Amino acid sequence: MSTDAQAPAPAPLKKVNRLQLDVSSYRGSKTTLCAGCGHNAISERIIDAFFEMGVDPHRVIKLSGIGCSSKSPAYFLNPAHGFNSVHGRMPSVATGAMLANRGLLAIGVSGDGDTGAIGIGQFVHAMRRNLPLIYLVEDNGCYGLTKGQFSPTADFGTKAKNGVVNDLPPIDLCAMAIELGATFVARSFSGDKKQLLSILKAAIAHKGTSLIDVISPCVTFNDHEGSTKSYAYVKAHDDPLGEVSFVPFFEDISVEYEPGSTTRVRMHDGSHLFLRKLEETYNPTDKLAAARLLHETLARGEFATGVIYIEPDKDDFLQLLNLVDEPLGQLPESRVRPPRAVLDQLMDQLR
Amino acid sequence: MSTDAQAPAPAPLKKVNRLQLDVSSYRGSKTTLCAGCGHNAISERIIDAFFEMGVDPHRVIKLSGIGCSSKSPAYFLNPAHGFNSVHGRMPSVATGAMLANRGLLAIGVSGDGDTGAIGIGQFVHAMRRNLPLIYLVEDNGCYGLTKGQFSPTADFGTKAKNGVVNDLPPIDLCAMAIELGATFVARSFSGDKKQLLSILKAAIAHKGTSLIDVISPCVTFNDHEGSTKSYAYVKAHDDPLGEVSFVPFFEDISVEYEPGSTTRVRMHDGSHLFLRKLEETYNPTDKLAAARLLHETLARGEFATGVIYIEPDKDDFLQLLNLVDEPLGQLPESRVRPPRAVLDQLMDQLR
Amino acid sequence: MSSTLPASEPQQAQASASVTNDFSIQIATVNGSGSQTANLVLLRTLFQMGIPVSGKNMFPSNIAGLPTWYTIRANRRGYISRKKEIDLLVAMNPETARDDVMGLEPGCAVVYDAPLRLDTLRSDLVFYAVPFDKIVAEVCTDAKLRRLVKNMVYDGVLAELLSMDAGEMQQALARQLGKKPKALALNQAALEAGRTWASEHLTKADPFRVERMDKTTGQILIEGNTAAAMGCLFAGVTVVAWYPITPSSSLPETLIRYLRKYRMDPETGKATFAVVQAEDEIASLGMVIGASWAGARAMTSTSGPGISLMSEFAGLAYYAEVPAVVFDVQRVGPSTGLPTRTAQGDILFAAFNSHGDTKNVVLLPGSVEECYEMSMASFDLAERLQTVVFVLSDLDLGMNTWMSKPFDYPEKPIDRGKVLDAEGVKALGGTWGRYRDLDGDGIPYRTLPGSGAPAYFTRGSGHNDMALYTERPDDYTKNVDRLARKFETAKSLVPQPVVEDVAGTQIAIIAYGTTHFAVEESRDQLREEHGVEVAYLRLRAYPFPATVHEFIRRYDRVYVVEQNRDGQMLGLLRIEGEPASAVRLRSVLHYNGLPIDARSITDGILAQEKAGNA
Amino acid sequence: MSSTLPASEPQQAQASASVTNDFSIQIATVNGSGSQTANLVLLRTLFQMGIPVSGKNMFPSNIAGLPTWYTIRANRRGYISRKKEIDLLVAMNPETARDDVMGLEPGCAVVYDAPLRLDTLRSDLVFYAVPFDKIVAEVCTDAKLRRLVKNMVYDGVLAELLSMDAGEMQQALARQLGKKPKALALNQAALEAGRTWASEHLTKADPFRVERMDKTTGQILIEGNTAAAMGCLFAGVTVVAWYPITPSSSLPETLIRYLRKYRMDPETGKATFAVVQAEDEIASLGMVIGASWAGARAMTSTSGPGISLMSEFAGLAYYAEVPAVVFDVQRVGPSTGLPTRTAQGDILFAAFNSHGDTKNVVLLPGSVEECYEMSMASFDLAERLQTVVFVLSDLDLGMNTWMSKPFDYPEKPIDRGKVLDAEGVKALGGTWGRYRDLDGDGIPYRTLPGSGAPAYFTRGSGHNDMALYTERPDDYTKNVDRLARKFETAKSLVPQPVVEDVAGTQIAIIAYGTTHFAVEESRDQLREEHGVEVAYLRLRAYPFPATVHEFIRRYDRVYVVEQNRDGQMLGLLRIEGEPASAVRLRSVLHYNGLPIDARSITDGILAQEKAGNA
Ligand SMILES: Cc1ncc(C[n+]2csc(CCOP(=O)(O)OP(=O)(O)O)c2C)c(N)n1
Ligand SMILES: Cc1ncc(C[n+]2csc(CCOP(=O)(O)OP(=O)(O)O)c2C)c(N)n1
Ligand code: SF4
Ligand code: SF4
Ligand SMILES: [Mg+2]
Ligand SMILES: [Mg+2]
């Protein structure tokens, strides 16, 4: 019979961002997830990313489905409106909200069960639409909240705690997103603070849908030996595509980069993303290359992490809909109720 | 207030198949679809394929969702049990039926709306499981039965009858199926009798899930100029991968083929599929090549048709489940109700 | 006709001589054959002549090639519900012609395609054989077009037989085809050819005829879905998410047309609305909920299978208190049922749609005018009550053409309900909590994302006054008791029932939706044919205000007339009503997919009256 | 304790001296701390000593780190429903300890972790401070394990305080941990350490104690979900499709274990069953429908949100007449609600689950034994009636541990219903039609795909006797009237109500499900404390057989006791019942997420009796 209290604001940090807010404006309530859960680490990075990007938290909406992962929006950005909806349906709720108010910045948090199983249909259609939305999957290969059953991202051959072996192929959410037309697709690991932070910041700057699949070990049900989503396994098999650095539009581009080995992507808002290649030569704007990469790493039992695909300038869904600039939800009556003459005209046509 | 009568059996043809059945055993009721609808042509090919393969129609089940396409199971194989279920949910119903009776041969017919919109979630999971099922999509890029709205396979830039242009990217069901692990993926055209027939026969011989996306023009709502799913457009942009020939296991392989330009695939039942390459050199067992091909043809506004991907020997879902050989649904009480001793033992453990 | 109609109806008493402005025509064709234009021209001509009319389309659930029937009823007293009996049959469909003819009552007239030779079937009907192909061939050289134009010939024939005004008919045709001059000319010719041929070859042998009246002056002809779309337009809808389904699709599709025309920002040319054809009904309602939550006026429209899919989200909207408007244009269930037939079968399911003590507001438009008005009301109610509102129309209302007085421009401004901005919250001096009942009406105040007002966390799981997560027993009961209180409040906010008490009678009818028109006629039948006076209450919404229970208390036998098998509204009245009144309630049901008719009600009531306590 | 209990209860009358075998212990811990073993050992020890017990877990909807409470009730009279009052608190959770203590009635005893210093909070309780960490440290050298083992120490302390049998406790522990010798040894040591410490340091100052009885001889301890899984096993289930959800998951998960153990073909080692964890609840029910259609005995299991998603398929199963078994282990709604709390809130929604005149059979198990038996019955009924059967259990029944007499091996063979093979069809000599009512009971005969019998086409759209597509009004009504007839037939096939008439009283109770146990105790309270005799009918299924209506007719005031806000069963009884009986029905409701208790019922009834017609 617990009540989650708003976490008492910690002693204010000196550091403030460009809005003169300190990080406490980006914190959430106290987590009720297990100690050590990857999801908590991700919440921390979300807090950091919004803080460092200087986003007005009142502009943010945070949405989710149902699951341990889907609880996380309560654990960051308390000043933002939150919506913990129903299982697998975050995308539609987020879509509606963005239609109502295009000035919002939406982050949707989901789980691999929430997205990969019951929610895969809404996932598919969200990817097609390229709605402005950060769609973050906290991916632990299992259903945490219902006690550890395999999810559709569980790898072929991975073992459950009770020894049962998964014999279905995993759904690779990144590969699907790319196939379906998503414009920012990244994979990361809850344990890789730096990479995840850069990716989140880039996603905040991105204009369309960002799909971020973050491997986030479930320490309670899926962290044993034999699991390919255990902390140890992921750490050992994380295969970063390269180094990801992000320079927001309000900072000087002081990054030194060699054009040969680093891809520089100009985001829609003027920010810059620098992707320094390591072993691979890959081009994050080439869909087929991205697909190949994902298949090959998967076949090796590894996780390619980093920004896998990016298409920074594609029209987003709100542009396609040709909406007025103001939030639809806040238009005054005079702009949404046609005048009497319109009714008269309509009536005349029917007489 | 019509009642669809069983079509009167036509005057028996002389020709019989290996079961000594003539084609009338494979016919269905009279179609109620529009004259000229692509779906009707597909029903004809299904009749031919089952007839020529000499499948016992009593062994077949035919299932569907809702839509014009989903009505078609009533128009072929009257002696087979049929199930016109609910919109977008054919895959789950088919899955259940195959679990109940592994001796059945299931063909599921769906539409691009039925599968691509409301049913995309079940589609995704059906592709992963590799259940023995011929999953045929009669793809006209629109919702025929509800009068012509765009479906998710409508091509980017295609025009509706009322002039509205589609501005969302299409879902390529073949590409998704391949990405998700389907083991037989083909695309065809309702107007290409020969190719479609061969593909259907191969699908009947295939052990796992066959996804066949058949472009099937809707002559009433999507056959105008500007539509990329009109009969004329598809005919002009059909880009066959090569010639598809199928030799069932009960016939001699008399096909002459040059190993260089023809791929020979041995199906699980001993049948053979011959894929003679035309312009392209492609390998239908290479997922990434298949994906590339689909992307490239799509980008050119063309439809690559033929068998796009095949993996003839992968374990199917029933094998994974390690089912007994007999239909589960027909096991006698003695094999499904454990003896009294088991209850006694269970009770003892609880005392 | 008319041997089937009771002798007591005055205008039939003189019979055989002539029956003016009181008949129904059924046109049997094949769908996809373009007969709809011809049928609407007929309907409109009668309407323009001042004669009360209604048109009902009985079409198959497919696209082309199957039998379809269009029925036009003209009635000088203004009855516009379905009439069971057909007086005049136009038999164009070879496949059904035999059955169509055999089903007629003696004395009816049949216009038929000459080669069908229907006159051999019966001797108690009046037959008019018309060589349609021959007539068409003369006016239409293009063989391909003949099939379409042929229909206009029967309009000409009927015009002549019934003495319809030629000028009005030309004008009606022009209205239908005005924008296509070539088609117009061709059809005009066909019309004339039909009329001419008939005047030259047919001898009038039936009693039916029309005569100009003034009963439709100033009125409009409209479908309920069009009216509802108009209502949404003037309600200021901003977000529409939908998924096609018969018989609902024409509502959003018409709305889209209106929005494109009347809701583009004049300065920027941009849209003051967003319409999304979603991937399914679950996503549709999800988008509506997301949009309403973020401040839009949002709606979706569907039919039975759609509301079955929406249950989970409906429960979320109820419990998390998010406005949502759901139009359910009812068709015949269960399951896929009869997608092109009408019913009122979603009452109980809509009212209790979702698990675990969910209760929803249900509006029950009974006319095209109410489709318009209740559409507007539904948004106001959804926002004021912060809950999901189901608007239960039906196929008959939504897709058929109805006469109506013109709609009124809304007098009241839009009601956005209890929404607070930053100042509003401040003004409350710390008493605000998202789910706190400050006014005693059970309705809390919300804030909108992005508005700068204090945020809260919306969830379908347990929450307290402050929208914080809780599993405490007392928090739970407090919250759901408030929800129950809010539902009480709803009783006074929803459209109130229309009550027609009758002094001295013990009999009453309760009905709702399209059943209304048949009830009106049935009450006249009961009075005029049997001297039975019947009081009447027309329900317009659930939850029921006290008026309903008081009404029931005043009558001994209250017949709940509805179009479903299970007497669903009767059930709901039993659940919600006064226990002592349960004995008063009885059912009259009609559920074969066709719109209910007055005679069925009259017979149903009389049978029970005779059997029991008359 | 006990100042809260009415003085009239005999065993409390002597009070203060000693209260034997009649108390409840609440253990407050943090979830994920492994206290469940310790709690079950306590429960089992009492059980083994022959004392009637029940154990109820009140856990949070998360995985670890939040407060959780386990309550054990021992009652020599055999009452096993929840008792509101706590007699003995074991306060291990610092976060809730204060509230836990403040909520107690005077006279209770508190065992607490010494550092919490709870004894300063109140002076009217008996406090036992126990230095758990110190005691544990002595027996457990591995610091990591201490947190887990600590719980066993309170078992030892309680054993000493309450005079529990040491041997039984060792045996109970062995049962829980028998397969893990290391853990067993460690826990045994902790148990002993607790007991020893208590015997050396605590002075008994509360009245509660246990004493061996013989009231549990031969009985078992089991959770309802386990019992239901067993029922499915012996029902011969062949296809299971499910999707995880609390509090249902343990049903299919236990079933999987049983199937793997008892249903592998002895010769081939292959499975005589298929279990699929589907992608969601829609797919689960779709698979069940497909499987049943093709001849399997198929089931799914879910909770509220799941049945909301299943509506469309439920309607299909109803209308196309496909067997399907759906377990709904109810939790608190609406929406996500309180996933780890109990309710009976899905009654109306299950009964009318789907649009358009859909009606479903609902079974209402009231005990673990009935979970077992009705699981078997549900398959027989689904196949015999060819429809969807909802089995409505609840969290309290499904996940808590209950005493029961051992289950009986099924006497009757499996009933596969009206299935015809090729010969069977032939024998009917052409009269067979898939939806033809040959026996007058509304139930048609089906054939199975692949069986060689004549095929038919199943659809959720309009169909006639022969399963052919039709939109004809008469076909439609004929078919749905038959479905209504079939529902009538169901009344005699479903589990019949259990009726306990009492001569001379005007008061009766109707209840169902887990409410039963509280009702039993409440009837005793009413009789013993107030001299009020109450008749009782326990519903076991919907639709209701005539017995129910006859029972209601016999009493003036019939209290429908249930665990939901809206009095849903009362509503259903009003819909289905005799109108004249409506005035007899009243509600007693309990809906805060905790299992209902007898006192609430007694008070609820007395209040209404006093207010009204007593
Ligand atoms: C409709 C519905 N079905 C099932 C559930 C039960 N449920 C809650 S969370 C969950 C799975 C969550 O898995 P995932 O999304 O991977 O999140 P995680 O807990 O692993 O972070 C399920 C099945 C539900 N709440 N609603
Ligand atoms: C749940 C539900 N929603 C909507 C509908 C209405 N509906 C019937 S068919 C159809 C679309 C069919 O499109 P498609 O699958 O492409 O088939 P086609 O008619 O084009 O062959 C829709 C939306 C329905 N029957 N059920
Ligand atoms: S159960 Fe797993 S996913 Fe859930 S909070 Fe605990 S560690 Fe995280
Ligand atoms: S509407 Fe289109 S899809 Fe439907 S039957 Fe006609 S041509 Fe075929
Ligand atoms: Mg997960
Ligand atoms: Mg289509």
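Every value quoted in this text rests on a predicted model; they were computed, and no experiment measured them. We name chains A, B, ... by the order of the sequence lines, and we start the count at 1 in each one.
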Rounded to the nearest 0.5 Å, how far apart are [atom1] of [X] and [atom2] of [Y]?
X: C:Leu338; Y: D:His463; atom1: CG; atom2: NE2; value: 10.0 Å
X: C:Arg574; Y: D:Glu576; atom1: CZ; atom2: CD; value: 8.5 Å
X: D:Asp357; Y: C:Gln563; atom1: CG; atom2: CD; value: 11.5 Å
X: C:Leu309; Y: D:Leu309; atom1: CG; atom2: CG; value: 8.5 Å
X: C:Leu348; Y: D:Lys359; atom1: CG; atom2: NZ; value: 9.0 Å

Side-chain contact test, heavy atoms from C-beta onward, threshold under 4.5 Å: evaluate it for [X] versus [Y] and give yes or no.
X: D:Arg565; Y: C:Thr477; value: no
X: C:Ser311; Y: D:Ser311; value: yes
X: C:Asn592; Y: D:Asp474; value: no
X: D:Pro60; Y: C:Glu471; value: yes
X: D:Ser335; Y: C:Phe313; value: no
X: C:Ser308; Y: D:Met310; value: no

As an exercise: rank [options] by heavy-atom pairs under 4.5 Å with chain D and give me the winner.
options: C:Asp566, C:Val583, C:Asp346; value: C:Asp566
options: C:Gly577, C:Pro305, C:Gly593; value: C:Pro305
options: C:Gly571, C:Gly462, C:Ser461; value: C:Ser461
options: C:Leu570, C:Asn353, C:Ile347; value: C:Asn353

Part of [X] lying under 4.5 Å from any heavy atom of chain C:
X: D:Gln568; value: side chain
X: D:Tyr476; value: side chain
X: D:Ala580; value: both
X: D:Ser61; value: both
X: D:Ile282; value: side chain
X: D:Leu316; value: both
X: D:Tyr318; value: side chain
X: D:Ala484; value: both

Anything under 30° is parallel, anything over 60° is perpendicular, the rest tilted; go ahead and classify C:Phe349 against D:Phe349.
parallel
Heavy-atom pairs under 4.5 Å with chain C - which of [options] has more of them than the others?
options: D:Val480, D:Leu585, D:Ile307, D:Thr358; answer: D:Val480
options: D:Pro579, D:Gly356, D:Ala314, D:Pro334; answer: D:Pro334
options: D:Gly315, D:Ala343, D:Gly304; answer: D:Gly304
options: D:Pro339, D:Ala317, D:Gly345; answer: D:Gly345

Can C:Tyr469 and D:Asn62 be counted as having a side-chain donor-acceptor contact under 3.5 angstrom?
no
Heavy-atom pair with the smallest gap, counting every atom of C:His355 and D:Gly333:
CD2-CA, 4.5 Å
What part of C:Phe59 gets closer than 4.5 Å to chain D, counting heavy atoms only: side chain, backbone, both or neither?
backbone
Heavy-atom distances under 4.5 Å only: say whether C:Asp328 touches chain D with side chain, backbone, both or neither.
neither
